[in-house]
Structure formats: C-alpha cells, structure tokens
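Structure first, then comments.
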Protein chains: 2
Amino acid sequence: MTPSDQTALMAIGEAMDVRPGTKLFRQGDAATHIYMVESGVVRISHDLLDGKRQVLAFRWGGDVFGMAAGGRYLNNADALDKGRIQRFQAERLQELLLSRPHMQNRFLLQATAEISLQQHRIILMAKYDVVTKVVAFLLECCGNGQCFDPATQILKLPMSRPDIADYMGVATESVSRALGVLERRKIIHRHDMHHLAIDLPRLRDCARL
Amino acid sequence: MTPSDQTALMAIGEAMDVRPGTKLFRQGDAATHIYMVESGVVRISHDLLDGKRQVLAFRWGGDVFGMAAGGRYLNNADALDKGRIQRFQAERLQELLLSRPHMQNRFLLQATAEISLQQHRIILMAKYDVVTKVVAFLLECCGNGQCFDPATQILKLPMSRPDIADYMGVATESVSRALGVLERRKIIHRHDMHHLAIDLPRLRDCARL
DNA sequence: CGGTCGATTGAACTCGTTCAAAATCCGTGG
DNA sequence: CCACGGATTTTGAACGAGTTCAATCGACCG
C-alpha cells in the first residue's frame with residue numbers, strides 16, 4: 001500500500017477499541033461498513049437454522065472483513081480479544097477505490113487470495129481426518145506473529161475449544177482428542193487451555209498437505 | 001457490463017472451441033490467462049499428493065475462472081462439454097482493469113460474491129449429511145438454464161458420478177445411494193445416468209438450508 | 001451377442017459423534 | 001493465600017453415518 005493510499009484510507013476511517021465479546025455486526029444487519037483489524041482477533045461465524053454454528057474465519061492484524069455483496073452481512077463478527085478495529089463506510093470506500101485503480105487492484109488481488117485460501121479450507125474439510133485438521137489450524141495460528149512467539153515456542157490461542165471445533169467442522173470433543181494425540185506424540189504441550197508449547201518443525205511435517 | 005467494456009474486453013480476448021476432455025490448464029502451470037465460459041461446462045479440480053481429487057467448482061456460461069495470485073494456477077481446469085471459452089492474457093486484462101475502474105469494480109464484486117458462495121459450500125461440507133449435499137448440488141445445477149429445462153423438468157448433468165462425489169466431498173457410492181433415496185421419495189427420477197426428471201418444488205423444500 | 005466401463009447395490013468396518021462423567025481451569029470471596 | 005463453585009475441557013463408552021471393498025447391474029459399442 002502506497003503512503004498516499006494509506007493516508008487516503010485513514011481519512012475516511014473510524015477507529016474503534018474492542019474488548020472480548022464485542023459484536024461488530026450480526027448476520028442480516030445492513031452492510032454499512034468494511035472493517036480492518038489493526039490488532040486483536042475477530043471471529044467470523046454463521047448461525048444455522050438448527051442452532052449449529054460454523055466459524056468461517058479468524059481475522060488477525062491486517063485482515064479485512066465485512067465485504068458483503070447484497071447489502072446485508074451474511075455472517076457475525078465478534079472480537080475475541082482486546083484490540084483495535086478500523087472501519088470504513090462502504091460507499092465512501094467504494095468511491096475511494098474507484099478513484100484509485102491501483103488501490104482497488106490491491107483489494108481485488110486480496111480477494112482472489114482469499115478465494116484460494118478458502119479452496120484450501122474446502123479441501124481440508126473434505127479430505128483430511130480430525131488430527132490433520134487441528135494441525136492445519138495450529139499451523140495457521142503459528143503463521144501469526146500476533147499469537148505465536150518463535151523464541152519461546154509458545155502459541156497463545158484467544159479462542160475457545162468450541163470455536164476451534166466449529167471452525168474445522170468437527171465436534172469439540174474431537175478437538176480435545178486430537179490435541180491429546182499430538183501431545184502424546186510430543187508435538188505440542190498443553191501449558192494451559194490457551195497456551196500451547198509447539199514443536200513447529202515436527203508440527204509442519206505432520207501435515208502432509 | 002457496459003457495451004464499451006464489453007468491446008474492450010473482446011478486443012483483448014481470444015476465443016477457443018473446446019470438446020469434452022479438453023484441458024484448459026493444470027495446477028502448477030504458469031498462470032498466463034484468465035478464462036471466461038461462453039458456453040459449456042468447465043470442471044475446476046485439485047489433485048492431492050495421495051491421489052485423491054477435490055472438485056472445487058463447475059463453471060457455467062458467464063463464469064470467470066483462472067484468477068491465480070502467485071503466478072501459477074493452483075487447480076486444473078477441464079472442459080466437460082462441447083463449448084466455447086474466451087480467454088484473456090493476464091497482463092493485458094490487468095492493464096484494462098486499471099484503466100477502467102468501474103470494470104475492475106465489477107470483478108471485485110464478482111470476487112466477493114464468489115467468496116460468499118464458497119462460504120456456503122464450506123457450511124454445506126461441514127454441517128450437512130450426504131442427501132442434503134446432493135440436493136444442494138442438484139439445486140445448483142437447476143439454477144443454470146444451460147442444463148435444466150423448466151418445461152420438461154429434465155436436468156442434464158454433463159459430469160460423472162465421481163465428479164459429483166469429489167465436488168461434495170463424499171464417496172461415489174454415497175452419491176448413488178443419495179440419488180436412490182431421492183428417487184424412492186419421488187423427488188427425482190433417473191431417466192438415464194445423465195438425465196434426471198426433477199420435481200423442483202419438492203427438491204427445494206427438501207433442502208432446509 | 002459378448003465385452004467393457006460406469007453406476008448401483010450389498011455388507012463389513014471405521015472414524016467421528018454423542019451423551020455422560022470426571023478433571024481442570026479460573027474468578028471470587030473469605 | 002487458599003478454598004469454593006461454575007464453566008470449560010478432557011476422558012470414556014456406545015452408537016451411527018459414511019466409507020470401503022466386492023459383487024451385480026446396465027448401457028453402450030464393436
């Protein structure tokens with residue numbers, strides 16, 4: 001992002017501080033804003049008629065969310081952590097993008113990257129067993145400087161077990177069991193519920209994706 | 001799409017006629033072109049290390065595919081049907097989009113719509129049983145005038161059972177069994193392998209999505 | 001009419017779910 | 001600082017939907 005784009009964005013942006021549990025928007029709400037995470041973690045989820053819930057994504061620092069074609073949000077967005085979110089009025093962002101083709105191009109590239117990521121997720125959900133899914137999830141988290149400290153090898157997970165389970169499309173108990181397997185294999189060590197010590201190299205070659 | 005955009009696109013486009021089995025590109029190929037289906041059906045799939053295959057999408061008339069961030073295609077694209085495909089050199093399309101912000105915006109909107117569609121697919125894969133998955137697949141096909149004739153109620157499926165199975169992330173046999181269930185419930189009738197008579201209203205309320 | 005390939009059916013098995021119980025974590029107040 | 005209580009996670013055991021593998025069926029083609 002060019003400095004000029006950056007300042008143009010900030011000019012129409014509005015920062016908000018959030019705490020764990022803050023609801024950014026609900027599915028069905030009018031889609032008035034596009035959001036960007038500055039710090040913290042946001043959970044994007046969708047509630048089904050029968051009460052089940054699918055977690056579609058966790059958004060970390062730098063990620064954009066809330067792009068909805070059709071005027072209404074299709075999902076819920078909730079902060080999991082204390083953090084800071086930037087948001088932009090949809091129309092104003094739209095104008096800005098039209099006036100700055102290179103900036104719009106960044107968004108387009110970002111969107112196609114997102115599509116590839118989701119394809120990866122579809123493959124993961126369809127073809128791999130529970131342990132592999134959990135490994136993939138942990139690797140995804142480790143990719144974020146936000147919550148993984150390479151020095152101490154400690155991964156800090158801001159989300160609950162049901163969040164992880166609903167993200168990977170499995171039962172909460174299955175996540176527990178998968179973590180148990182990985183711990184017995186000495187690939188991870190559960191310090192406490194939200195802190196894992198991780199042997200990253202071993203975790204990596206445990207995921208033959 | 002404005003007429004002017006249309007002609008600008010055609011100016012850099014190159015039409016190709018395809019027959020069933022034509023390979024448009026393979027995963028790993030240099031991503032030189034963006035494709036658009038004019039008529040026919042294209043299967044987008046991804047091969048895994050262990051020989052399994054995931055079908056990621058079927059692309060029908062009007063659909064765009066082959067957008068790859070990173071210079072290489074991640075997936076395979078194969079024509080399933082006789083048809084006509086338009087393709088555009090990636091760099092030239094990129095230039096064109098930069099010079100026409102509204103046209104780029106269309107692509108961006110298209111991409112966000114695609115993201116929503118894929119989220120729907122993730123939910124489908126994660127939360128619903130085989131019969132529901134097949135119902136969703138059939139409904140998706142019926143949405144295409146290409147292959148569903150509302151007058152005769154006949155759906156023409158250009159893809160094989162393994163294609164459907166790999167699309168929904170289930171075994172081929174499970175697709176057969178699901179079709180059997182739907183036929184016993186008089187919701188569909190298998191005329192032959194590639195032609196189904198469909199009771200669309202009943203099919204619709206059989207999918208509580 | 002026989003042969004081949006894809007689709008369907010059948011039967012055993014497996015992985016993940018479900019439901020219930022035990023263990024652990026964590027905030028609160030003594 | 002430690003003990004208590006509710007919530008979350010983990011563990012255990014039974015169950016079930018879907019897979020797997022093998023056999024049968026059916027359509028298409030020489």
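Protein chains get the first letters and strands the later ones, always in sequence-line order, with residue 1 at the start of each. For clarity, every value in this text was computed on a predicted model and none was experimentally measured.
Evaluation of atom-type donor-acceptor distances gives a pair under 3.5 Å for the side chain of B:R177 against the base of D:dT20.
Distance check, rounded to the nearest 0.5 Å: CG of B:L157 to CG of B:D163 gives 10.5 Å.
In this structure, A:D192 places its CG atom 14 Å from C1' of C:dG27, rounding to the nearest Å. In this structure, the CZ atom of A:R184 is 12 Å from the P atom of D:dT10, given to the nearest Å. Atom P of nucleotide C:dA7 and atom CG of B:L157 are separated by 11 Å, given to the nearest angstrom. Rounded to an integer number of Å, the gap from A:L179 CG to C:dT24 C1' is 15 Å. With rounding to whole Å, B:H191 atom NE2 is found 18 Å from C:dA7 atom P. In this structure, A:H195 atom NE2 and C:dC25 atom P are separated by 12 Å, rounded to whole Å. As rounded to whole Å, 11 Å separates atom C1' of C:dG10 from atom CD of B:E173. Rounded to an integer number of Å, the gap from A:D50 CG to C:dT18 C1' is 15 Å.
Comparing D:dT11, C:dT17, C:dT8 by their nearest atom to the side chain of B:S176 picks out C:dT8. In this structure, the nucleotide among C:dA7, D:dT10, D:dT9 sitting nearest to the side chain of A:R190 is D:dT10.
Screening A:I154, A:L138, A:L139, A:L200 against A:F148 for a side chain to side chain contact (heavy atoms under 4.5 Å, CB included) leaves a single residue, A:L200.
At the heavy-atom level, B:V175 lies nowhere under 4.0 Å from the strands shown. Contact annotation for A:D129: backbone-only contact, meaning every heavy-atom pair under 4.0 Å involves sugar-phosphate atoms and none involves a base.
Between A:V130 and B:G180, it is B:G180 whose nearest contact on DNA chain C lies nearer the 5' terminus.
At a threshold of 4.5 Å between non-hydrogen side-chain atoms, the residues A:D199 and A:L203 do not count as touching.
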Start with the C-alpha gap between B:R59 and B:D78, add the side-chain angles, then the distance that decides, and say whether salt bridge (charged side-chain N to carboxylate O under 4.0 Å, His left out) holds. CA-CA 10 Å; B:R59 303 266 105 133; B:D78 300 89; over 6 Å; no
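The pair B:D192-B:K156 does not count as a salt bridge, with every side-chain nitrogen at least 4.0 angstrom from each carboxylate oxygen.
Residue B:R161 has a polar side-chain atom (N or O) positioned under 4.0 Å from OP1 or OP2 of C:dT8.
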